[in-house]
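This report refers to the structure that appears directly beneath it.
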Amino acid sequence: MDLHILDHRLRVTSISKSGLQNYTHPLIKLIFLRNRSRCKFFSLTETPENYTVVLDEEGFKELHPSEHLQVECSTWLPLNVVSNGNASSSSQAVGVTKIAKSVIAPLAEQHVSVFMLSTYQTDFILVREKDLSVVIHTLAEEFNIFQEVDGESVPVHCQDTCNGLQRNGKEAHHSTVHPVMIPKNQFCVMSLDPDTLPGIATTLIDVLFYSNSPKEDATVADDLECIKFFSFSLIDGYVSLVMDTEAQRQFPADLLFTSSSGELWRMVRIGGQPLGFDECGIVAQISQPLADSDISAYYISTFSFDHALVPEEDIASVTDMLQDQRKDAGC
């Protein structure tokens, strides 16, 4: 398989719910006015806590500093796995499950933090720029590694970057087994022709910026039943949307498209408290057991928590698997 280090230098940020009005103009520009910005990598995910915005350096220039904007200090690079043109069987697991053992687990063993962003089209594994040599050294035996430079894919050789590097000098360790929550929402993973974005502009703005769900008077118990989660990505001209079925009903059905099976997904939300960015192995903790069970999964990291989407028909077995994992860890 080939591993591509894409030509994007990314920042991971968070906009508070209370400060959203300060950023609606730049966000609308980044979503709808592609010709007004040189941003090529943009992702916005709403969770109950905040809005996570992942974007390249051109897009980051649009976000002015304020007390409502948190910025993770690192620069991140997106990795993408290409299976040498060999299409996977439709019966095989898709999403992050396919790269759990070959990418995510080895990086966790080498104490490399990853930030995952699954989209309708592909999966992006974000790693810190400072960890790139370790990443290449760790994955060179498994992958042909290429780095995109000015639109060209240039082969990367381990000896060119490592210079005798002995991994990162840190011992692998078992990560904390974090609590998980499984809300009752049903989710859809969808896409859209970017040229039809104006046709859903009003609805998208309403769902992202004006939605009253969850209701302001909702109780904690209500929040545990269903959570607000909506993800929009515009990356290299491709649009990806993740939304629950309630939000989906607000959009014109003829403009959104999904897989031929029209599969519905359930969410596993990882973390009882904000996870932070330095702990390693969080993604592997969920993705490896799913890969062992050949269960498809999409995975979306956010500024505070992580989220795995699994097929609805598999949610019972996933629940049992996670309970067993916690028992084994003595939780």
Using a 4.5 Å cut-off on heavy atoms from C-beta on, say whether the side chain of Leu204 contacts that of Leu197. yes
Residues joined to Tyr238 in its hydrophobic cluster, side chain to side chain under 4.5 Å directly or through other members, sorted by chain and number, are none
Output for pair (Glu148 CD, His8 NE2), nearest 0.5 Å, gives 7.0 Å
- Query: Is there a side chain to side chain contact (heavy atoms under 4.5 Å, CB included) between Glu279 and His178 once you walk through the steps?
  - Reply: CA-CA 11 Å; Glu279 184 181 344; His178 292 279; 2.9 Å; yes
Rounded to the nearest 0.5 Å, the CZ atom of Arg269 sits from the CD1 atom of Ile286 at a distance of 13.5 Å
**Asked** Centres of the Tyr23 and His64 rings: under 6.0 Å?
**Response** yes
Exercise. Check for a donor-acceptor pair, side chain of Arg11 on one end and backbone N or O of Ser74 on the other, with a separation under 3.5 Å.
Key: yes
Quiz item: Should the ring pair Phe41 and Phe124 be called parallel, tilted or perpendicular, given that the plane angle runs from 0 to 90° and is split at 30 and 60?
Solution: perpendicular
Between His4 (side chain only) and Asn80 (backbone N and O only), is there a donor and an acceptor less than 3.5 Å apart? no
Return all side-chain donor-acceptor pairs below 3.5 angstrom for residues 31-40, not counting sequence neighbours, or 'none' if the list is empty.
{"unit_1": "Arg34", "atom_1": "NH2", "unit_2": "Asp195", "atom_2": "OD1", "d": "3.3"}
{"unit_1": "Ser37", "atom_1": "OG", "unit_2": "Cys39", "atom_2": "N", "d": "3.1"}
{"unit_1": "Arg38", "atom_1": "NH2", "unit_2": "Glu58", "atom_2": "OE2", "d": "3.3"}

**Q.** Note, Glu142 side chain near Pro106 side chain (heavy atom, < 4.5 Å)
**A.** no
**Prompt:** Hey, is Asp292 close enough to Lys101 for a salt bridge, meaning N to O under 4.0 Å?
**Reply:** yes
Do Asn144 and Pro155 touch side chain to side chain, with heavy atoms closer than 4.5 Å?
-> no
Report task. Decide side chain to side chain contact (heavy atoms under 4.5 Å, CB included) for Lys228 and Val207; before the verdict, give the C-alpha distance in whole Å, the side-chain angles of both, and the deciding distance to 0.1 Å. Result -> CA-CA 10 Å; Lys228 177 67 176 178; Val207 170; 4.0 Å; yes
Practice task
Examine distances only and state if a side-chain atom of Ser240 and a backbone atom of Tyr120 form a donor-acceptor pair shorter than 3.5 Å.
Solution key: yes
Practice prompt. Indicate, with yes or no, if Tyr210 and Ile15 share a hydrophobic cluster defined by side-chain heavy-atom contacts under 4.5 Å among Ile, Leu, Val, Met, Phe, Trp and Tyr.
Written response: yes
Value for SG (Cys280) from CD1 (Ile104), rounded to nearest 0.5 Å, stands at 13.0 Å
When every non-hydrogen atom of Thr245 is compared with those of Cys188, the smallest separation belongs to CG2-SG, 3.9 Å
For Leu192 and Leu241, the nearest pair of non-hydrogen atoms, with its separation, is CB-CD1, 4.3 Å
### Message
Do Trp265 and Val242 make a side-chain contact, defined as non-hydrogen atoms from C-beta onward lying under 4.5 Å apart?
### Response
no
- Query: When you measure from the side chain of Ser16 to the backbone N and O of Gly19, does any donor-acceptor pair fall under 3.5 Å?
  - Reply: yes
Scanning both residues in full, the closest heavy-atom pair of Leu139 with Ser102 reads CD2-O, 3.5 Å
Q.
Does the plane of the ring in Phe277 sit parallel, tilted or perpendicular to the ring in Phe303? Use 30° and 60° as the thresholds.
A. perpendicular
*asked:* Would a single hydrophobic cluster contain both Val81 and Val154, if residues Ile, Leu, Val, Met, Phe, Trp and Tyr are joined by side-chain heavy-atom contacts under 4.5 Å?
replied: no
Validation row: Phe42, Val53 side chains within 4.5 angstrom (heavy atoms)
yes
- Item | Heavy-atom donor-acceptor pair, Gln121 side chain to Val239 backbone, under 3.5 Å | yes
In this structure, OG of Ser153 is separated from CD1 of Ile145 (nearest 0.5 Å) by 13.0 Å
Looking only at heavy atoms, the pair that brings Ser304 and Asn50 closest together is OG-ND2, 3.2 Å
Check whether any side-chain N or O of Gln21 sits under 3.5 Å from a backbone N or O of Ser18 as a donor-acceptor pair, and report yes or no. yes
| query | Taking the side chain as C-beta and beyond, is there a heavy-atom pair between Asp324 and Met321 under 4.5 Å? | reply | no
Nearest heavy-atom contact between Pro183 and Met181 is CD-O, 3.4 Å
Residues Gly281 and Ala108: closest non-hydrogen pair is CA-CB, 3.8 Å
_The test is side chain to side chain contact (heavy atoms under 4.5 Å, CB included); show your working for Asn185 and Phe229 and say whether it passes._
CA-CA 9 Å; Asn185 314 49; Phe229 186 93; over 6 Å; no
Here the gap from Leu107 atom CG to Ile125 atom CD1, rounded to the nearest 0.5 Å, amounts to 8.0 Å
Can a donor-acceptor pair be found, under 3.5 Å and without considering hydrogens, that links the side chain of Lys17 to the backbone of Thr47? yes
Aromatic plane relationship, Phe230 with Phe251 - under 30° parallel, 30 to 60° tilted, over 60° perpendicular: parallel
Do Leu6 and Phe146 sit in one hydrophobic cluster, given that two such residues count as connected whenever their side-chain heavy atoms are within less than 4.5 Å of each other, even indirectly? no
**Report entry** Joint hydrophobic cluster, Ile315 plus Leu290, side-chain heavy atoms closer than 4.5 Å
**Finding:** yes
### Query
Which is it for Val103 and Val114 under the side chain to side chain contact (heavy atoms under 4.5 Å, CB included) test, yes or no, and what are the steps along the way?
CA-CA 10 Å; Val103 179; Val114 301; over 6 Å; no
For Phe305, the hydrophobic cluster (side chain heavy atoms closer than 4.5 Å, chained through members) also holds none
Q: Determine, for Arg128 against Glu72, whether the closest basic-nitrogen to carboxylate-oxygen distance falls under 4.0 angstrom.
A: yes
Looking only at side chains, do Ser66 and Asn22 share a donor and an acceptor under 3.5 Å apart? no
Interatomic distance, CG@Asp193 vs CG@Leu255, rounded to 0.5 Å, equals 9.0 Å
In this structure, would Val268 and Leu275 fall into the same cluster of hydrophobic residues linked by side-chain contacts under 4.5 Å?
yes
Checklist entry - Would you say Val54 and Leu126 make side-chain contact, with heavy atoms under 4.5 Å? => result yes
Are any side-chain N or O atoms of Asp306 and backbone N or O atoms of Tyr299, one a donor and one an acceptor, separated by less than 3.5 Å? no
- Message: For the backbone of Ala291 and the side chain of Thr97, can you confirm whether one donor and one acceptor N or O come within less than 3.5 Å of each other?
- Response: no
(message) Is it true that Ser118 and Asp123 share a donor-acceptor pair across their side chains at a distance under 3.5 Å?
(response) yes
*With the side chain counted from C-beta on, respond yes when Glu62 and Leu30 share a heavy-atom pair under 4.5 Å apart, and no when they do not.*
yes
